[in-house]
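In what follows, chains carry the letters A, B, and so on, assigned in the order in which the sequence lines appear, proteins first and then strands, with residues in each chain numbered from 1. Only heavy atoms go into these numbers, but all of them, side chains included; no hydrogens, no water, no symmetry mates.
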2 protein chains.
Amino acid sequence: MTAAIDLAGLPGRPCTIAAALELVGERWSLLVIREVSLGNHRFSDIARGTGAPRDRLTARLNALVAAGVLEKRPYSDSPPRSGYHLTASGRDLLPVLQALLQWGDRWAADSPPVRLTHAPGDSAVHQVDAAWICRTCGEPVMGSRVTRELTPAGRALSGLPDEEEHDHDH
Amino acid sequence: MTAAIDLAGLPGRPCTIAAALELVGERWSLLVIREVSLGNHRFSDIARGTGAPRDRLTARLNALVAAGVLEKRPYSDSPPRSGYHLTASGRDLLPVLQALLQWGDRWAADSPPVRLTHAPGDSAVHQVDAAWICRTCGEPVMGSRVTRELTPAGRALSGLPDEEEHDHDH
DNA sequence: GCGACCAGGTTTGCACATCAAACCGACCCG
DNA sequence: CGGGTCGGTTTGATGTGCAAACCTGGTCGC
């Protein structure tokens, strides 16, 4: 299931980026998601694809299952074996991987080892070059001016450093 | 400036996602980027905003400067002080933060503490709901079928078993 | 039935990273 | 001078990461 993080328990600013990183920010976690999304569902395949040590992989897989990002699905009875599959929450992480891939292609490697292409409709196949747009108005998100406002929940949280004061006597 | 990672030196599949995580995937790194992008450029502000221990923060800031994601910019001479600012490469990480924010809002917290809005043109202000689209053809990227092909560079690197399709399984 | 082999972990022993808290030096303010 | 701020560095305890060996079932060849 979905494992909601208690934002008040996190260090620093209450922010769902930090909450997300709490669930999938440890080493290997996102690479495990990548492998599973590529169709590698078995322990050994994920181990080979990511290069993670086996004990770390065990820990990460369990954590990701607990976080509701992966689910275990048995594929064999007589040697009881299960594969790991993305849940809806896990599939929603693919944009994160896309963002990292695009950044990595541009800034972290001399020449990208993989090219993504697609063929929308019947027009020519071309390379994917992704941008974030607002689904409501179609405007690009990163360029335009975005304003951040606290929600009621956020307002309740951000009185944090004052909570020592029981007498209101300034 | 840009510190390219040697893909052959990474464990597992040669992939720029792994390379990107090598540069900005350690704990606190992305939260540091978040703080700087919010306008907190000083050591103490970043420490408070992220909640990171000060020695870790020192290490991460140095690593991010070495990776070309941040740059140090002096703002005072007589006590020699510098602030940290995003480079072009650092600004290109904002889509990664946007992706994590959106996932975190949806899956990692009960009620998001911050809402993003924007006002494109003169129409009504509305909440940002971002999607990846292909800049070339305008099609949404995550839904449509994307194919992965190895580049020459990738072929040179790889003795690994490629290549399934992205399975959006149920 | 016997030994080899495989998948999916668990255990072990050691190295390295992380943490909170104390410390430090330069500077400023009164 | 005394106290405070800023931007770190040092310290000692604790935790996490790693490679490699080991274990537990089950299958396969013969």
Can you check the [X] [atom1] to [N] [atom2] distance for me, whole Å?
X	N	atom1	atom2	result
A/Asp77	D/dG25	CG	P	17 Å
B/Leu61	D/dG7	CG	P	11 Å
B/Glu26	C/dC16	CD	P	15 Å
A/Asn40	C/dG8	CG	P	12 Å
B/Asp55	D/dA13	CG	P	16 Å
A/Asp45	C/dG9	CG	P	12 Å
B/Arg56	D/dG8	CZ	C1'	13 Å
B/Trp28	C/dC19	CH2	P	6 Å

Does [X] have a side-chain nitrogen or oxygen under 4.0 Å from the phosphate oxygens OP1 or OP2 of [N]?
X	N	answer
A/Ser44	C/dG8	yes
A/Arg81	C/dA7	no
A/Tyr84	C/dG9	yes
B/Arg27	D/dG15	no
B/Tyr75	D/dG7	yes

Position toward the 5' end of DNA chain D (nearest nucleotide), B/Ser82 or A/Ala59: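 So the residue in question is B/Ser82.
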
hbond_proxy B/Arg54 side chain to D/dG8 base (donor-acceptor, 3.5 Å cutoff):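 In this structure, the two groups form a donor-acceptor pair.
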
